[in-house]
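First the structure, in the form of structure tokens, and then the observations on it.
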Amino acid sequence: MKTWTRDELDRIGTAEELEIAPLRRRVAAARNPVTIWVVRHGDDLYVRSVNGRTAAWFRGTQVRHEGHIQAGGIDKDVTFMDADPDISDQIDAAYRTKYRRYAASIISHIVSATARSATIKLVPRSTSSEFTSTSR
């Protein structure tokens with residue numbers, strides 16, 4: 001399994017937001033990107049659907065488990081994996097720490113049981129179609 005580079009972890013992990021675009025079911029084209037929050041926990045990156053597993057973008061990740069992300073100047077093809085529920089508390093803490101400048105009422109949505117059930121681990125895929133925004 002491919003892993004993130006230190007630079008990718010730093011740049012994506014510190015980005016305020018991430019654009020995520022799951023691949024469509026039958027064609028090798030991405031859906032329209034959605035802007036969401038992203039956190040780093042150790043050497044992994046995670047995203048959550050504040051609206052849970054019924055959100056359209058989340059459902060799209062469950063079709064092919066592949067897509068594309070863009071954050072911190074990094075464009076990357078990724079695989080979407082279910083996060084280990086045993087680390088939900090640590091991911092909650094990462095969200096609370098990173099986005100602490102937002103009101104508790106906003107943060108409470110991303111650490112809710114609904115959002116926790118829709119936590120995805122982002123795993124990098126092949127380098128064949130990767131590029132950074134600085135190389136465009």
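The model shown is predicted, which means the values in this text are computed figures rather than measured ones.
Annotation: the span from I36 atom CD1 to E17 atom CD amounts to 10.0 Å, rounded to 0.5 Å. One finds the CD1 atom of I91 at 5.5 Å from the OG1 atom of T119 (value rounded to the nearest 0.5 Å). Here the CG-OG1 distance, from L18 to T35, works out to 8.5 Å after rounding to the nearest 0.5 Å. Residue K76 holds its NZ atom at 8.5 Å from CD1 of I69, rounded to the nearest 0.5 Å. Note: L122 CG to W4 CH2 = 6.0 Å, rounded to the nearest 0.5 Å.
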Derivation of the side-chain contact (heavy atoms from CB on, under 4.5 Å) call for I106 and R101: CA-CA 10 Å; I106 294 172; R101 73 176 173 283; over 6 Å; no
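With sequence neighbours left out, the side-chain contact (heavy atoms from CB on, under 4.5 Å) criterion links D86 to D84. In this structure, the side-chain contact (heavy atoms from CB on, under 4.5 Å) partners of H65, at least two apart in sequence or on a different chain, are Q62. With sequence neighbours excluded, no residue forms a ring pair (Phe, Tyr, Trp, His ring centres under 6.0 Å) with W57. Among residues two or more places apart in sequence or in another chain, the side chain to side chain donor-acceptor pair (under 3.5 Å) test is passed with R100 by none. Contacts of R96 classified as side-chain contact (heavy atoms from CB on, under 4.5 Å), with partners at least two apart in sequence or in another chain: D92, I107, V111. Residues that satisfy the side-chain contact (heavy atoms from CB on, under 4.5 Å) test with T5, not counting sequence neighbours, are D7, E8.
When atom types are taken as modelled, the side chain of R48 and the backbone of I110 share a donor-acceptor pair closer than 3.5 angstrom. Under the 3.5 Å distance criterion, the side-chain polar atoms of K98 are left unmatched by any main-chain donor or acceptor of R40. Distance alone, capped at 3.5 Å, places no donor-acceptor pair between the Y95 side chain and the S108 backbone.
Ring geometry for Y102 against W37 counts as tilted: the plane angle lies between 30° and 60°, on a 0 to 90° scale.
Summarising the geometry of H109 relative to A115, their closest heavy-atom pair is O-CB, 3.4 Å, with the distance given to 0.1 Å. Here the closest non-hydrogen pair linking S49 and F58 is CB-CB, 4.0 Å. In this structure, A71 and A15 approach most closely via the heavy-atom pair CB-CB, 3.9 Å. A21 and P33 get closest at one heavy-atom pair: CB-CA, 3.9 Å. Nearest approach of L9 to D44, heavy atoms of both residues: CD2-N, 4.1 Å. For the residue pair R53 and R59, the shortest heavy atom distance occurs at O-CG, 3.4 Å.
H68 pairs in a side chain to side chain contact (heavy atoms under 4.5 Å, CB included) with only one of the listed residues (V78, I20, D75), which is D75.
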